[in-house]
Amino acid sequence: MSDNKLQDQLYAMRHSSAHILATAVQRLWPQAKFGVGPVVENGFYYDIDLGADKISEEDFGRIEAEMQAVIKDNVPFERTEKPIDEAISWATDAKQPYKVELLNDLRRAGTTIAKDLNADELGTIASGDSQVENVSFYRNGDFTDLCRGPHVETTGRVGAFKLQRVGGVYWRGKDTNPQMQRVYGVAFTTPKELRQYLDMLVEARKRDHRKLGQELDLFIISDLVGPGLPLFTPRGTVLRNELIKYSEELQRSVGYEAVWAPHMTRTDLYKKSGHYDKYPERFDVSSVESDDTFMLKPMNCPHVAQIFASRPRSYRDMPQRYMETTTMYRDEKSGELHGLSRVRALTQDDSHAFVRPDQIEAEMRGILAIVKQMYKTLDMALSVDLSFRDDSDNYFGDLELWQSAQATLEKVAQEEALDFKIELGEAAFYGPKIDIYVADALGRRWQCATVQLDFVQPERFELEYTDENGDKQRPAMVHKAILGSIERFLSVYIEHTAGKFPVWVAPEQIRIVTLNQEDDTVTFAEQVLQQAKAIGLRATIDNAAESVGKKIRAAELFKIPYTIVLGQKEMDSGEVTPRIRKDLAVSDDAKTLGLEAFLQTVLAESRSRTLESTL
RNA sequence: GCCACCUUAGCUCAGUGGUAGAGCAAUGGUUUUGUAAACCAUCGGCCGUCGGUUCAAUCCCGACAGGUGGCUCCA
C-alpha cells in the first residue's frame, strides 16, 4: 500500500473508532447527546453531553469494554443519504439537538465549520433554499450518525485504540454555549504502534520540565508568591544566565546595544501605542501618590521607542539597535498557567531595531543568522511560519505598507533558505512576523524565536529621523526575540535535553568526590576545587562520610557532566580518571589524564559550547 | 475564566469515620570506603485552608486556594 493509502486507512480507522466510542456511550448512557467526533493527531475524540451525568476517567474501563463488544459484533458501517429536511426531522426525533444545529448550518451555509460561518447565525434555524440537497449518514448496528465518512468496512477493522482523557469543552468553542465533555482516544493501525506511542508518552512524562525542575533543583513555584510566578534556584539561575549570556553575545555581534527600562509605566504609554485596549491581560497598579494610573510592562517596544525618540536621529545613525533581557508581566488566566511554559512573569531576550526602509532586509538577515546560530548550538531543528494578515479589520496601519512588508519577509525567508509556510491571520496587529519553531528531542514543535516588522508603533509615537535631504522620515521597527520567553524556552530545553545539559549550560560542571575523609585527601580535594573555581568552572565537592558508590550515584542523579574521585592514587600521580556522563561520552573507555589538562579541557568545552565531551 | 480530577513529612507515595505510616532526603553516631544506594539511631505531619454533618472528620458534604488534564486565549 502507498503512504497515502495507509494514511487514508488510518484516518478511516480513527474516525470509525470515534463512532464506536459514541455507540458504546449511547449504550451505557441512552440519554447521551452527541456533538462532533473528528479525527485528530494520533487519534480521535467525541464531544458528548450526558446532561447531569458526567463521564470520568474511571468510566473508561467499562466504555472500552463496551467498545470491544461493538468491535466483536463486527457489523458493517453502512452509508445512506437523506434529503436535508428529512435529516433534520430525523435528528429532531432522535433528540440530538447538536446534530440538528449542525444540519441547519449545512442547510444554510453548506458547512459546519464554526469559523467559516456568520457567528450570529450559528446554529439558528435555516429557512429558504438549502445549500445542500442530501447529507450522508453512517450506521453501524444500533448507532447512526451524521457523517461525511469515510469509514472502515466493519467495526471489527478499527485497529488498536485506547481512551486517554476527558476534558470539558464548550459546544462549538463558544463560552456562552453549553459545556460538553470531550473524550479523547489514541488509535493506531496495530497494537505495536499503539504501544510505541504510549511508550513515547511515558518517556515525555519522565522529561516533564516540572518534574525535572523539582528533581534537579532548578526552580520552584510558591503558593505564597503566586501562581505563574516561578522562582529560580541557584542551579536554575545558572541555566537562565548562561542562555541569556549567549543570546546577548550573539546580538552584540550584529550590532545591538543593551538598554534598560523600569518594569512599571504610566498607562498613557500603552494608550498611545494602541496596545491598551487590545491587551486585556495587563496588570494595572494603583497609583502611589498621584492621580496617574500605572501598569506593569507587558512588553518592551513602547518603552524603548521612547529612547529612540529622546533625541534627533540622522539617517547616518540608523539603525539604532537596542536589546534588553527583561521581565514583563501578563495577567494570564489561571487555567492557562502551566509550569514554566505559561507564566505571569516572563523574561524575554528582546530587541528592537529602528531602521530605514532600505535597511529592513539586511536587519532581518542579521537576525536570522544569529537565530540559526543559537539553535545550531543548542542542537534543535528550526521550522518557520510567515505570519501574515488576513482580510479582517484586526490590524492597524496602511494596507500597502503591510503588503510590501510581507513581500520583504517572504523574500528574505526564501533567500535564507528557510523551510517556511505562510499562515494567514497570524500576524500581530501592528505587523507581519516570522515565527520560528524549534523541534525538541521528542519531535514536538515549539515557537520560541520571532522576528516582527512594525510600521504602526513608529507612527503612533511619531518616530522620525532626518534623511540626506534634511527631510523627516519615519523609521520601521524590527522586533525580535531569539529564545523568546526564557521561562518557556527553559521548559522546552529541559525536556529536549531531559536535564542532561551540555557542559556550557550545566549548573554544575564538575563534582569532586573524596575517596575518604582523611585530612590529606580532603585538603587535596579542596585545593582542586579552588583550582577549578579559579578558572571559572562550576564545581562542587562531596566529602560526606558516605561510600564512593553513593556519592557517584548522587552525582549521576543530578546529571553532572564530569565526576572525579580523588584519593591517594590521584594525590601520588596528579592524574584523574573522570567519569563522563553517558550522553556526552564518545567512547566507553575511561581515560586518565593530568588534573590540569582535565580542568583546561572542561574549560575549553564550556567556552566553545560543544555538545559532546572532547575527552 | 469554564469542565473533570487531584492535594497526607523536604521528595516519592501507602493508609483508616476513633487525630497517621514507608522509602529516600535531613540530623547524630559507627564505618574510611575506588566509580549508581554501608550500618544504627533521631528528627520531621493541624492529612492544602475555612465551614458543615457526626459523640468523633485526614476520611463524608460544601466553599475557597493550589495543582493536573482539557476548552478558550497567548498582542
Side-chain angles (χ1 to χ4, degrees), chain A residues 45 47 49 54-59 164-184 205 208 210-211 214-215 217 220-228 270 273-282 298-299 301-302 328 330-339 341-344 346 387 394-396 426-431 433 447 450 452 454 456-457 479 484-485 488 511 513-519 521-522 543-558 563-570 576-582 590:
Chain A
Y45 67 77
D47 286 350
D49 180 357
K54 293 279 181 276
I55 295 175
S56 95
E57 289 184 19
E58 284 172 19
D59 298 318
Q164 279 297 95
R165 56 179 62 98
V166 55
V169 295
Y170 297 109
W171 169 237
R172 309 192 105 173
K174 246 180 96 176
D175 62 8
T176 48
N177 278 343
Q179 191 144 21
M180 310 181 74
Q181 288 189 288
R182 178 167 297 174
V183 178
Y184 286 89
R205 242 191 303 278
D208 190 311
R210 293 163 301 183
K211 183 172 144 71
Q214 162 66 30
E215 288 173 5
D217 190 21
I220 58 160
I221 296 172
S222 148
D223 288 4
L224 262 181
V225 175
Y270 281 85
S273 73
H275 289 101
Y276 196 78
D277 294 327
K278 286 238 170 203
Y279 185 68
E281 281 88 35
R282 60 180 187 268
M299 66 193 69
C301 19
M328 37 212 151
R330 300 178 181 183
D331 192 10
E332 305 289 358
K333 292 188 211 160
S334 59
E336 283 153 7
L337 301 172
H338 179 91
S341 11
R342 194 73 178 271
V343 292
R344 285 176 168 150
L346 57 128
S387 298
N394 297 329
Y395 307 98
F396 288 12
E426 293 296 315
F429 75 85
Y430 50 71
K433 308 187 282 179
Q447 196 217 310
T450 179
Q452 312 183 355
D454 181 357
V456 171
Q457 291 193 68
H479 310 240
S485 149
R488 181 179 291 186
R511 168 85 46 112
V513 167
T514 58
L515 181 66
N516 55 42
Q517 298 199 289
E518 282 159 19
D519 286 349
T521 311
V522 172
N543 58 9
E546 298 285 354
S547 67
V548 171
K550 185 164 181 174
K551 289 189 270 192
I552 292 284
R553 178 176 151 82
E556 284 283 341
L557 291 176
F558 263 74
T563 306
I564 54 174
V565 177
L566 299 183
Q568 194 59 47
K569 206 171 78 186
E570 287 74 18
V576 289
T577 308
R579 185 185 169 95
I580 306 171
R581 202 179 63 210
K582 283 194 189 68

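Chain naming here is simple, since letters A, B, ... match the order of the sequence lines and numbering starts at 1 in each.
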Please measure how far the [atom1] atom in [N] lies from the corresponding atom in [M], and state the result in whole Å.
{"N": "A20(B)", "M": "C6(B)", "atom1": "P", "result": "24 Å"}
{"N": "C59(B)", "M": "C47(B)", "atom1": "C1'", "result": "9 Å"}
{"N": "A36(B)", "M": "C24(B)", "atom1": "C1'", "result": "15 Å"}
{"N": "U53(B)", "M": "G67(B)", "atom1": "P", "result": "31 Å"}
{"N": "C11(B)", "M": "A25(B)", "atom1": "C1'", "result": "7 Å"}
{"N": "G18(B)", "M": "A4(B)", "atom1": "C1'", "result": "33 Å"}
{"N": "A56(B)", "M": "G66(B)", "atom1": "C1'", "result": "29 Å"}
{"N": "U31(B)", "M": "C46(B)", "atom1": "P", "result": "37 Å"}

Check: Hey, which of these two, Arg344(A) or Glu281(A), hits RNA chain B nearer its 5' end, going by closest nucleotide?
Finding: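 With Arg344(A) and Glu281(A) compared, the 5'-side residue is Arg344(A).
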Notebook entry, point to check: Given that Glu426(A) and Gly335(A) both sit by RNA chain B, which one's nearest nucleotide is further toward the 5' end?
Noted result: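 That would be Gly335(A).
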Over all strands shown, is [X] touching base, sugar-phosphate only, or nothing at heavy-atom distances under 4.0 angstrom?
{"X": "Ala545(A)", "answer": "base"}
{"X": "Gly549(A)", "answer": "sugar-phosphate"}
{"X": "Arg579(A)", "answer": "base"}
{"X": "Lys569(A)", "answer": "base"}
{"X": "Val548(A)", "answer": "sugar-phosphate"}
{"X": "Arg205(A)", "answer": "nothing"}
{"X": "Glu570(A)", "answer": "base"}
{"X": "Gln568(A)", "answer": "base"}
{"X": "Met299(A)", "answer": "base"}

Are any protein N/O atoms closer than 3.5 Å to N/O atoms in nucleotides 46-49 of chain B? If there are, list each pair with its distance.
none

Next item on the list: With side chain to side chain contact (heavy atoms under 4.5 Å, CB included) as the test, would you mind laying out the steps for Glu281(A) and Arg344(A) before giving the verdict?
Entry: CA-CA 9 Å; Glu281(A) 281 88 35; Arg344(A) 285 176 168 150; over 6 Å; no
Note to self: Pairs counted only when both distances fall under 3.5 Å, Watson-Crick or G-U: show me the 5' to 3' dot-bracket for RNA chain B, [ ] for pseudoknotted crossings and | for other-strand partners.
What the structure shows: (((((((..((((....[..)))).(((((.......))))).....(((((..]....))))))))))))....
Margin query: Here's a test for you: under salt bridge (charged side-chain N to carboxylate O under 4.0 Å, His left out), which of Arg581(A), Arg511(A), Arg579(A) qualifies with Glu556(A)?
Written below: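 Testing Glu556(A) for a salt bridge (charged side-chain N to carboxylate O under 4.0 Å, His left out) against Arg581(A), Arg511(A), Arg579(A) leaves exactly one candidate, Arg579(A).
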Can you find a side chain N or O atom of [X] that sits less than 4.0 Å from OP1 or OP2 on [N]?
{"X": "Ser547(A)", "N": "A38(B)", "value": "yes"}
{"X": "Arg210(A)", "N": "U68(B)", "value": "yes"}
{"X": "Arg165(A)", "N": "G70(B)", "value": "yes"}
{"X": "His338(A)", "N": "G70(B)", "value": "no"}
{"X": "Arg553(A)", "N": "A38(B)", "value": "no"}

Checklist line | Set of residues satisfying side-chain contact (heavy atoms from CB on, under 4.5 Å) with respect to Asp49(A), sequence neighbours excluded | finding: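 Lys33(A), Tyr98(A), Met180(A).
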Item checked: Sequence-distant partners of Glu426(A), side-chain contact (heavy atoms from CB on, under 4.5 Å), two or more places apart ->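 Residues passing side-chain contact (heavy atoms from CB on, under 4.5 Å) with Glu426(A): Ser387(A), Glu423(A).
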Note to self: Is there a side chain to side chain contact (heavy atoms under 4.5 Å, CB included) between Arg488(A) and Gln447(A)? Walk through the geometry before answering.
What the structure shows: CA-CA 9 Å; Arg488(A) 181 179 291 186; Gln447(A) 196 217 310; 5.6 Å; no
Could you work out which one of [options] sits closest to the side chain of [X]?
{"X": "Tyr170(A)", "options": "C2(B), G70(B), A36(B)", "answer": "C2(B)"}
{"X": "Pro227(A)", "options": "G67(B), A38(B), U33(B)", "answer": "G67(B)"}
{"X": "Gln517(A)", "options": "U32(B), G34(B), G70(B)", "answer": "U32(B)"}
{"X": "Lys333(A)", "options": "U35(B), U72(B), A36(B)", "answer": "U72(B)"}
{"X": "Asn516(A)", "options": "G1(B), U33(B), G70(B)", "answer": "U33(B)"}
{"X": "Ile552(A)", "options": "C2(B), U35(B), U33(B)", "answer": "U35(B)"}
{"X": "Val565(A)", "options": "C74(B), U35(B), U72(B)", "answer": "U35(B)"}

Notebook entry, point to check: Given the rule in the side chain to side chain contact (heavy atoms under 4.5 Å, CB included) test, do Val183(A) and Val166(A) qualify, once you have shown the distances and angles that lead to the verdict?
Noted result: CA-CA 4 Å; Val183(A) 178; Val166(A) 55; 4.1 Å; yes
Please tabulate, one pair per line, each protein N/O and nucleotide N/O from nucleotides 22-28 of chain B that are separated by under 3.5 Å, including the distance.
residue, atom, partner, partner atom, Å
A25(B), OP1, Lys550(A), NZ, 3.1

Check: Looking at Val522(A), Thr514(A), Asn516(A), which hits side chain to side chain contact (heavy atoms under 4.5 Å, CB included) with Glu518(A)?
Finding: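 By the side chain to side chain contact (heavy atoms under 4.5 Å, CB included) criterion, Glu518(A) pairs with just one of Val522(A), Thr514(A), Asn516(A): Asn516(A).
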Check whether any side-chain heavy atom of [X] sits under 4.5 Å from a side-chain heavy atom of [Y], and report yes or no.
{"X": "Met328(A)", "Y": "Leu346(A)", "value": "yes"}
{"X": "His275(A)", "Y": "Pro298(A)", "value": "no"}
{"X": "Asp454(A)", "Y": "His479(A)", "value": "yes"}

Note to self: What is the separation between atom CD on Gln179(A) and atom P on C2(B), rounded to the nearest whole Å?
What the structure shows: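 Interatomic distance, CD of Gln179(A) to P of C2(B): 10 Å.
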Check: So, for Phe396(A) and Tyr430(A), is the gap between ring centers shorter than 6.0 Å?
Finding: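 For Phe396(A) and Tyr430(A), the ring centres are not under 6.0 Å apart.
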Margin query: Whether the side chain of Arg282(A) engages the backbone of Tyr276(A) through a donor-acceptor N/O pair (distance < 3.5 Å, no angle test) should be reported.
Written below: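 Judged by distance alone, yes, a pair lies under 3.5 Å.
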Checklist line | Backbone N/O of Tyr184(A) and side chain of Arg165(A): donor-acceptor pair under 3.5 Å | finding: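 Not a single qualifying donor-acceptor pair exists.
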So which protein N/O to nucleotides 9-11 of chain B N/O distances come out below 3.5 Å?
none

Euclidean distance, [Y] [atom2] relative to [X] [atom1], rounded to 0.5 Å:
{"X": "Gln517(A)", "Y": "Thr521(A)", "atom1": "CD", "atom2": "OG1", "value": "9.5 Å"}
{"X": "Gln568(A)", "Y": "Leu515(A)", "atom1": "CD", "atom2": "CG", "value": "9.5 Å"}
{"X": "Glu336(A)", "Y": "Arg342(A)", "atom1": "CD", "atom2": "CZ", "value": "5.0 Å"}

Note to self: Thr563(A) vs Lys551(A), test: side-chain hydrogen bond (donor to acceptor under 3.5 Å, both in side chains). Steps then yes/no.
What the structure shows: CA-CA 10 Å; Thr563(A) 306; Lys551(A) 289 189 270 192; over 6 Å; no
Item checked: Heavy-atom donor-acceptor pair, Glu556(A) side-chain to U35(B) base, under 3.5 Å ->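 No.
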